[in-house]
Amino acid sequence: MKNWIIILLLFLFSFGYSQQNKELTLDSLKLELAKFLVKKRQLENLEVYTEKKQGLNFRGIHDFSTVEKLKNGIYRFSNFSSHKLVFFVIVEDNTFDILDVFSINDLKISVDKTLDFCFKKNYCTEIISDYVTRLFRVHYLENMTWKRNDSDCKFERKRTKSVFNLIKLKTKLADYLFNKKIIENEIFFDSIYVEDLYSIYYGIDEKKDIDCGVYSFLYLHDDDYSKNIYYVIVNEDWIDFIAIDNKQDLRKSIQMIINFSVNHKYCYLKTAQIIENLLERSETNSCLKNAVFKLP
């Protein structure tokens, strides 16, 4: 009797395993995406798709031809109306993960999932930046247009001032570098170079309180200062140091930058520009070195 129970359990386990690993086809994926659109009230009912074969606009991001066979990568989908919500989906082997970018929280989760997927696939820096920028663009320009009329940086929003001038900020940065044993004494703060990632071409006025923002800094007397670049988020009266030493730190730092950018009402182009800057400095895998990716 016990042997039969064991055999039955093994059979059930094998059945469950095969169900979980059922092959993901183009048709089965489209059906799931159509169900999702119904849930999001982007399709009136599922019959619009299953019976009339209408209502689902599914295509690749870089390859605009009709999708005939699924490949690992990120796709875009929506209905065909002019007032639609746009979504993305990550396809990886026999699994898929829908990226909803409607709310800020949805956007943050989708950015993190996208980074995780791109890092696993070893995509080059330019492709990762492109995917992240697309998520921001869709969130602000297509899904949230009714809330923001400056999301594409048509005009410059006045930035919030912090309580720090450049000398005060450099003093705090020197404390950080001293605790990291990068400098021997905090009095070397004058040898710290600071750059504003929001407007990298304009420099910083030493006499005025600096703007809240994301800044990079380095110690000029470091033997390898061109590589040893550090980052800090300057808020109204406090600062947060961020790291990009590894992929986990980078993902965490990007989430912090998104939070900061939302709180300070940055347009999506500025936020994407800052994230792209971090990606370029943390990732050395440029498409210029290895442009062999064939993406959907």
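Only this structure's heavy atoms are used, side chains among them; waters, hydrogens and symmetry mates stay out.
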- Message: Assess the residue pair R134 and D130 against the criterion (salt bridge (Lys or Arg N to Asp or Glu O under 4.0 Å)); give the C-alpha distance rounded to whole Å, side-chain angles, the decisive distance to 0.1 Å, and a yes or no.
- Response: CA-CA 6 Å; R134 287 173 187 272; D130 177 68; 2.8 Å; yes

- Item | S129 (side chain) donor-acceptor with E126 (main chain) under 3.5 angstrom | no

- Using the rule that two of Ile, Leu, Val, Met, Phe, Trp, Tyr join whenever any of their side-chain heavy atoms come within less than 4.5 Å, decide whether I239 and Y219 are in one cluster. yes

- Can you tell me which residue pairs pass the ring pair (Phe, Tyr, Trp, His ring centres under 6.0 Å) test with a partner in residues 237-258, sequence neighbours excluded? Y176-F241

- Item | Side chains of S103 and N105, donor plus acceptor under 3.5 Å | no

- What is the ring orientation for H62 with Y131, classed by angle as parallel under 30°, tilted 30 to 60°, or perpendicular over 60°? perpendicular

- Item | Side-chain (T125) to main-chain (E280) donor-acceptor, under 3.5 angstrom | no

- What about the rings of Y75 and F58, do their centers lie closer together than 6.0 Å? yes

- Cation-pi check, K247 to F119: give yes when NZ or CZ is under 6.0 Å from the six-membered ring centre and within 45° of the ring axis, no otherwise. yes

- Would you check if there is a donor-acceptor pair between the side chains of N259 and K108 at a distance under 3.5 Å? yes

- Message: Just verifying a value: how many Å separate F178 CZ and L173 CG, rounded to the nearest 0.5 Å?
- Response: 15.0 Å

- Is it true that a side-chain atom of N79 and a backbone atom of L56 form a donor plus acceptor pair closer than 3.5 Å? no

- Query: Under 3.5 Å, side chain of H139 to main-chain N/O of F102, donor-acceptor pair present?
  - Reply: yes

- Note on the structure: When L269, I275, V101 are each screened for side chain to side chain contact (heavy atoms under 4.5 Å, CB included) with F136, the one that passes is I275

- Task: Identify the two heavy atoms, one from F117 and one from N72, that lie closest to each other, and give their separation to 0.1 Å.
- Result: CZ-C, 4.5 Å

- Validate the cation-pi geometry between R159 and Y198: distance from NZ or CZ to the six-membered ring centre under 6.0 Å, angle to the ring axis within 45°. yes

- Query: Thinking salt bridges, do E206 and K168 make one under a 4.0 Å N-O criterion?
  - Reply: no

- Report the residues that fulfil side chain to side chain donor-acceptor pair (under 3.5 Å) with K113, sequence neighbours left out, ordered by chain and then residue number. D97

- Pair K161 + E236: basic N to acidic O under 4.0 Å: no

- Message: Treating S253 as the side-chain partner and A243 as the backbone partner, does any N or O pair qualify as donor plus acceptor under 3.5 Å?
- Response: yes

Identify each donor-acceptor pair in which a side-chain atom of residues 27-46 lies under 3.5 Å from a protein atom, sequence neighbours left out, and give them as a table.
from : atom 1 : to   : atom 2 : distance (Å)
S28  : OG     : T25  : N      : 2.9
S28  : OG     : T25  : O      : 3.0
S28  : OG     : T25  : OG1    : 3.0
K40  : NZ     : D100 : OD2    : 2.8
Q42  : OE1    : L85  : N      : 3.0
N45  : OD1    : E47  : N      : 3.1
N45  : OD1    : V48  : N      : 3.1

- Considering all heavy atoms, the nearest I257-I242 contact: CD1-CD1, 4.0 Å

- Query: Are I104 and L99 co-members of a hydrophobic cluster defined by side-chain heavy atoms under 4.5 Å apart?
  - Reply: yes

- Which is it for K207 and N165 under the side chain to side chain contact (heavy atoms under 4.5 Å, CB included) test, yes or no, and what are the steps along the way? CA-CA 7 Å; K207 298 179 181 179; N165 59 29; over 6 Å; no

- Task: Mind checking the OG-CG spacing from S162 to D209? Nearest 0.5 Å is all I need.
- Result: 6.0 Å

- Within the side chain of D211, is there an N or O that forms a donor-acceptor pair under 3.5 Å with the backbone of G213? no

